[in-house]
Protein chains: 2
Amino acid sequence: MTKRRADGLSKAVIVKAATGLLDEGGEAALTFRALTTRLSTGYGAIYHHIANKSDLLAAATDDIVEDVMTGVVGAAEPREALRTVALRLFDAIDAHPWVGAQLSREPWRPALLEVYERIGGLLDALDVPGEALFDAAGALVNYVLGVAGQNAANARLLAGDADRSAFLSGVAARWAGLDPARYPFVRKAAARLAEHDDREQFLAGVDIFLAGVATLR
Amino acid sequence: MTKRRADGLSKAVIVKAATGLLDEGGEAALTFRALTTRLSTGYGAIYHHIANKSDLLAAATDDIVEDVMTGVVGAAEPREALRTVALRLFDAIDAHPWVGAQLSREPWRPALLEVYERIGGLLDALDVPGEALFDAAGALVNYVLGVAGQNAANARLLAGDADRSAFLSGVAARWAGLDPARYPFVRKAAARLAEHDDREQFLAGVDIFLAGVATLR
DNA sequence: ACCTGAACACCGTTCAAGT
DNA sequence: ACCTGAACACCGTTCAAGT
């Protein structure tokens, strides 16, 4: 008795619906049952356009990464451009936490081609010598995706906004109570935890990395 | 009619069995059905000692990280010690790929305390100034866990050993065939892909990072 | 106190049957 | 060609019942 879709289904339509479910409820919310409901269709119709769930997740991830990279304009000075690309990826993964998990699960996705090309080209423009260029590009891409993914996992864990500061001050309190003889560093870090900004710390890491790259010239 | 366990069950015994299943068959192999079989017990017996599956995964991960960190001895020069800690973590995650996924899912685990303390302390010994110390430690831990996790995901994807070179040369061939005008960097990278060593590239990244840290002094 | 295993409420995926 | 939805083979987790 449910009414049949008037317009035809397509992979693009399915991927868009999947992205919506993922953004709203996280990875657990993407089920074929939820998809069929949202698209007013049956299982077979979906499987007619995609191979399986992992194919669907990959396609949704590709879409997000593609958007990020097409939005990056040229022009800027290489160092600044590198920071911009890194931040855009960080923000996109922050907005779509499931993208972080997916990219660390399938790091050879075609969508990452654009990321490697862009970052490699910019490092080249910074005169990183050929032998070190590929190591440097690999390390930087890994840093960006790794940290962004970790940050996204954090954000997911701390769903509520008010939870966040409560959780962080809880961790800070636990750390502050550690044995100073065994954990001198972590105890000192506890004081900074409340005021620290993940995005700024991410960028500070990029800067340290770029300073290291500059020594290779 | 199945015989009952003679010795008592404990969280440690369950975690050990879970680690075995994870190492042998990856995350998909850890099911409560497989666990009850391996331990000759029932579901309730397991739930009597652990809260749920995610608790079990966390405990198994803590065990591995703990082993890595207790195995790290002091003595060495800070730069060398940092490389050693990084490599040991990399190798442990390579040997137990599911640890990488788990650590990026729950980056606030107590087991990581030891990692932060150790890396923070060593950076402190390198005279990184206080304001930058926490950013640097956060960035380095993130780099290590992020890259190791990505590498482990790769390794998992390429289960067979012979598959690996076949897969890599496939990727290299695809990259080499890209439009040179659009993808100059990736095309050049393709030539290096076959001969590249993930472990060495990881260490090269650590060195770049440490060179960057040295400029902060 | 500790353990057993049937039962429940979910999954992803398949496939005969419809239009 | 494209779509439907019952059915299958799994999950994690619960809980009344046993020792």
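Residue numbering restarts at 1 for every chain, and letters A, B, ... go by the order of the sequence lines.
For the pair A/Leu30 CG and C/dC10 C1', the interatomic distance rounds to 15 Å; values are reported in whole Å. Rounding to whole angstrom units, CG of residue B/Leu57 and C1' of D/dC11 are separated by 15 Å. Distance, B/Tyr47 OH to D/dA17 C1': 19 Å, rounded to whole Å. Following rounding to the nearest Å, A/His48 (NE2) and C/dG18 (P) show an atom-to-atom distance of 18 Å. Put simply, CG on A/Leu35 is 9 Å from P on C/dG12, counting in whole angstrom units. Note: CG (A/Leu39) to C1' (D/dC3) measures 13 Å, nearest angstrom. In this structure, B/Lys11 atom NZ and C/dC2 atom P are separated by 15 Å, rounded to whole Å. At whole-Å resolution of the value, CG in A/Leu9 and P in C/dT19 are 19 Å apart.
Here the shortest heavy-atom pairing between A/Asp124 and B/Lys188 reads OD2-NZ, 3.8 Å.
Counting non-hydrogen atoms of neighbouring residues, nucleotides and ligands closer than 6.0 angstrom, the NZ atom of A/Lys16 reaches no more than 12 such neighbours.
In this structure C/dA7 sits in a base pair with D/dT13, meeting the Watson-Crick or G-U test at under 3.5 Å. For D/dA1, the paired base is C/dT19 (Watson-Crick or G-U wobble, both distances below 3.5 Å).
Taking the six-membered ring for Trp and thresholds of 30 and 60 degrees, A/Trp175 and B/Tyr116 have ring planes inclined between 30 and 60 degrees apart.
For A/Ala45, counting side-chain heavy atoms from C-beta on, the closest listed nucleotide (C/dT4, D/dG12, D/dC3) is D/dC3. The side chain of A/Phe32 approaches C/dT13 more closely than any other nucleotide in the set C/dC3, C/dT13, D/dT13. Closest to the side chain of B/Tyr43, from the set C/dA7, C/dT13, D/dT4, is C/dA7. In this structure, the nucleotide among C/dC3, C/dC11, D/dT13 sitting nearest to the side chain of B/Lys53 is D/dT13. When distances run from any side-chain atom of B/His49 to the nucleotides D/dC3, C/dC3, D/dT14, the shortest one goes to C/dC3.
We find that B/Arg105 and B/Glu27 are joined by a salt bridge, their nearest charged nitrogen and carboxylate oxygen being less than 4.0 Å apart. For B/Asp55 and B/Lys11, the salt-bridge test passes: some basic side-chain N is under 4.0 Å from an acidic carboxylate O.
In terms of position on DNA chain C, the residue among B/Gly44 and A/Arg33 whose nearest nucleotide sits closer to the 5' end is B/Gly44.
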